[in-house]
Every structure is written in C-alpha cells, then in structure tokens.
Amino acid sequence: MYTAHPDRYADLPYRRTGRSGLKLPAISLGLWHNFGPDRPVETQRAILRRAFDLGVTHFDLANNYGPPPGAAESALGEFLKADFAPYRDELVISTKAGYLMWPGPYGEWGSRKYLLSSLDQSLARMGLDYVDIFYSHRPDPETPLEETMGALHSAVQQGKALYVGISNYSAEQTREAARILGELGTPLLIHQPRYSMLDRRPEEEGLLDALDELQVGSIVFSPLEQGLLSSRYLDGIPEGSRAASDSPFLDSDAVTADLVGKLRALDEIAKGRGQTLAQLALAWVLRGGRVTSALVGASSAQQIEDSVATTRNLDFDADELARIDEIVKP
C-alpha cells in the first residue's frame, strides 16, 4: 500500500493561478505519451508516486492522451483507485476535449454536445465525480465561442469541473473567451499554450500580455520542445530518440547543425548555473513568476526528480537572459 512522503510539501514552490484561490506547483506532470499499454505499468506507477512525493500535485491529461486515445485517463483511474484515493483532495486533475475522439460530426472540436459528452467519458475512465480543471483543447473555427464557453460553464454548474481553461487560443480569442465566461459567472482560470526558449509565440503574439491583463494563469506545454532542449541532442540525433523515429511531433529535419550549435551554447550557460540544459529551459519559462507552472512529461522517476530540482534556481541575471536571446533569436 502506497503512503505518500510526509515532507512532500517542503520544497516545491506553489504559485497562485491568476486571481483565483488555486495554487499550482511550479512543475506539473503531463500524462501525454508515457501512460498507455505500451509502457510498463510499474514505470508509470513509479513516476506518479515519485511526483507526488516531491510535491507535484497537478496531473494534466486530455481525452486523447495515450496512445491509444483515452488510455492515459484509464491508466490514471487505476492508479487513483490503487494509490491516490486517500489523497484526492490534495490533487489537481485536469483534462481537455477538442481533438478527434470518435467518428462522426460530434467527435471533436468545440460543440456543446462533444465537450460535455467527452467530459462524461473522461470522468468514467478516471473513476472520478469531477475534475479540477476542464479545458477546451483548441478553438473551433465553426462553432460560436459562446457555445463552447457555455459548455465549460455548464460543466462547472453540473459539478463535473471546479474550474475551466482553454488551450491553443490566440490572445484575441482568449480575451473574448474570458469576457463570455465572466458574463456567465464562471471565470477563466488558466490558459495552456506552447512556450519555450525556442518558441516565443506567446510573447511575440501578445498572449502573455493578455493573460497578465486578464489576471488569468498559465501552464505551458512543451517547455523542452519535445526533448530538443535536453542533453539528448547535443551531438545530433541519438538512436531511439523521438527525432530518430520521425515522430509527427519532432521530425529529424528539425535537428540541424545550426540548432545543435545553439543547444551546445545554451548547455554552456546551463553548466555555469549548475543546471542541465533541460533545467535551464524549465527555469527560463518560469523566470519572474509570469508563468504559473511548467508542464513536463516523464518516462522515468529520475526525470521528474530532475525537473523538480529546477526550482532550486529560477533566477536569471540580465547578462544570462541577453546571452540566451543572442543564441536563440535569429
């Protein structure tokens, strides 16, 4: 029987999410690619247990996580029942709906029918009465935003979600979503954008500014750029890596000689800070407290330990930030 570490709240910092009462750990665990039937159950269990023992209270999912779609939620459901049932009130569990889950016109995007049906399916897979955060995973170009946000509001009204969020929405769409939700009486809690040292779009396109103005929290995905911002690619493409398999999420063509040179230069900055390249990348998105939490995946308990260790040094001086920009920006 699993018993959580008594000192699990001793070290990891927690940050208030926007103007809400909810605090999230600076490092959150995403169950995207490592929680399906193709991964050893004991490895999955070890990752979740170690994460919680280190104070990672937030587990982030979506209906389509696996593979196959739905597998990650089903796996978490088993671990919740076996290990974490006594700790449910200490956990923040989120899920999303927006991408393809079943055939036909009601199996994806942002209609009320799809979102609320998907949430019911997610709750059944996880064996939960409610999730803490329910997201619209992507904007729907054909469904009125009022309908999509109305469905999120209904999820809260029905007691199936405590808070709501959006992901992959532009700054303008975020402002409109926040306005609609505010009028309905269910505030927009959080946005989940892609953001890293190599992908500055939330800065460049004004999304972070919008979130600051709206007092909405943020949890960023792919802060390591699918593993590029780690030590794995310092000498090119290693065998067995995501790029070597020509994953749809990381093509081998992306690992150019120019990029490898940048990664090596960033690694030198990381060494000077007493960090790995991955820790530098996580610290960079968390710098200054503008981002609420960084979402990481893990294929081993050691990886989650390394990610949490990032929070020992989140401060940058002006010279370090300037050097990073000089290396990364064209």
Side-chain angles (χ1 to χ4, degrees), residues 1-18 20-32 34-35 39-61 72 75-94 126-128 130-133 162-163 189-190 217-221 223-224 230 270 273-289 291-316:
M1 181 66 181
Y2 167 68
T3 301
H5 197 287
D7 297 328
R8 56 190 175 278
Y9 296 112
D11 298 317
L12 186 61
Y14 296 82
R15 296 178 169 186
R16 187 169 299 280
T17 311
S20 77
L22 183 68
K23 292 183 178 181
L24 292 180
I27 300 293
S28 296
L29 178 63
L31 280 68
W32 182 27
N34 296 313
F35 289 82
R39 304 298 173 109
V41 171
E42 287 308 312
T43 300
Q44 297 177 44
R45 174 176 281 112
I47 293 168
L48 290 169
R49 287 181 171 184
R50 188 61 181 139
F52 190 58
D53 282 345
L54 291 170
V56 178
T57 53
H58 180 27
F59 298 159
D60 178 79
L61 300 99
L76 181 63
E78 293 300 317
F79 296 125
L80 289 173
K81 183 167 57 177
D83 290 339
F84 296 102
Y87 307 104
R88 173 62 183 102
D89 291 336
E90 297 182 44
L91 291 170
V92 173
I93 298 171
S94 62
M126 291 186 283
L128 294 174
Y130 71 94
V131 290
D132 296 274
I133 308 171
L162 300 185
Y163 302 92
L189 173 80
I190 195 166
S218 59
I219 179 169
V220 299
F221 71 90
L224 304 184
S230 72
R273 291 168 51 83
Q275 292 180 320
T276 65
L277 176 55
Q279 289 170 336
L280 172 74
L282 291 173
W284 185 88
V285 298
L286 290 168
R287 73 197 187 285
V291 166
T292 312
S293 183
L295 194 55
V296 301
S299 58
S300 68
Q302 181 64 52
Q303 285 186 353
I304 197 69
E305 290 175 4
D306 293 343
S307 294
V308 168
T310 298
T311 60
R312 296 172 190 158
N313 183 11
L314 299 179
D315 296 325
F316 289 81

Practice item. Evaluate the criterion side-chain contact (heavy atoms from CB on, under 4.5 Å) for residue pair F35 and L48; output intermediate values, then yes/no. Key: CA-CA 10 Å; F35 289 82; L48 290 169; 3.8 Å; yes

Review point. What do the steps show when you test L61 against M126 for side-chain contact (heavy atoms from CB on, under 4.5 Å), and what is the final call?
Key: CA-CA 10 Å; L61 300 99; M126 291 186 283; 4.3 Å; yes

Exercise for review: Check step by step if side-chain contact (heavy atoms from CB on, under 4.5 Å) holds for W284 and T310.
Suggested key: CA-CA 10 Å; W284 185 88; T310 298; over 6 Å; no

Review point. Can you list the steps and then say if L54 with H5 is a side-chain contact (heavy atoms from CB on, under 4.5 Å)?
Key: CA-CA 8 Å; L54 291 170; H5 197 287; over 6 Å; no

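Two residues are said to be in side-chain contact when any heavy atoms from C-beta on lie closer than 4.5 Å; D11 and T311 fail this criterion. T17 places none of its side-chain heavy atoms less than 4.5 Å from the side chain of Y163. Annotation: side chain of E90 is in contact with side chain of Y9 (closest heavy-atom distance under 4.5 Å). Counting heavy atoms from C-beta on, the side chains of Y87 and Y2 come closer than 4.5 Å. Side-chain contact between I190 and L22 is absent, with no heavy atoms from C-beta onward closer than 4.5 Å. The shortest side-chain heavy-atom distance between L286 and R15 falls under the 4.5 Å cut-off. Residues F79 and I47 have side chains not in contact (no heavy-atom distance under 4.5 Å, counting atoms from C-beta outward). Taking the side chain as every heavy atom from C-beta outward, Y14 and T57 approach each other to under 4.5 Å.
Interatomic distance, R287 CZ to D315 CG, rounded to the nearest 0.5 Å: 12.5 Å. Atom CD of Q275 is separated from atom CG of D306 by 11.5 Å, given to the nearest 0.5 angstrom. Here CG of L314 is found 10.5 Å from CD of Q279. Values are rounded to the nearest 0.5 Å. If you take OG on S28 and CD1 on I304, they are separated by 9.0 Å, rounding to the nearest 0.5 Å. Expressed to the nearest 0.5 Å, how far CG of L31 lies from CG of L295 amounts to 9.0 Å. Here the CG-CG distance, from L76 to L29, works out to 9.5 Å after rounding to the nearest 0.5 Å.
Nearest heavy-atom pair, N34 versus A298, reported as atom, atom and distance to 0.1 Å: ND2-O, 2.9 Å. The two residues L280 and A270 have their closest heavy-atom pair at CB-CB, 3.8 Å. Nearest heavy atom pair, residue R39 against residue Q44, reads O-NE2, 3.0 Å. When all heavy atoms are compared, the tightest approach of K81 to A85 is O-CB, 4.1 Å. The shortest non-hydrogen separation linking P25 to S293 is O-OG, 2.7 Å. The heavy-atom pair separating D60 from S94 by the smallest distance is OD1-OG, 2.6 Å.
Of the possible polar contacts, none joining the R45 side chain to the D83 backbone as a donor-acceptor pair under 3.5 Å is found. In this structure a side-chain-to-backbone donor-acceptor pair under 3.5 Å is present from T292 to S218.
Screening Q303, E305, Q302 for a side-chain hydrogen bond (donor to acceptor under 3.5 Å, both in side chains) involving R50 leaves a single residue, E305. Among L282, V291, I27, the single residue meeting the side chain to side chain contact (heavy atoms under 4.5 Å, CB included) criterion with P223 is L282.
The pair R88-D132 meets the salt-bridge criterion, with a side-chain N (NZ, NE, NH1 or NH2) lying under 4.0 Å from an Asp/Glu carboxylate O.
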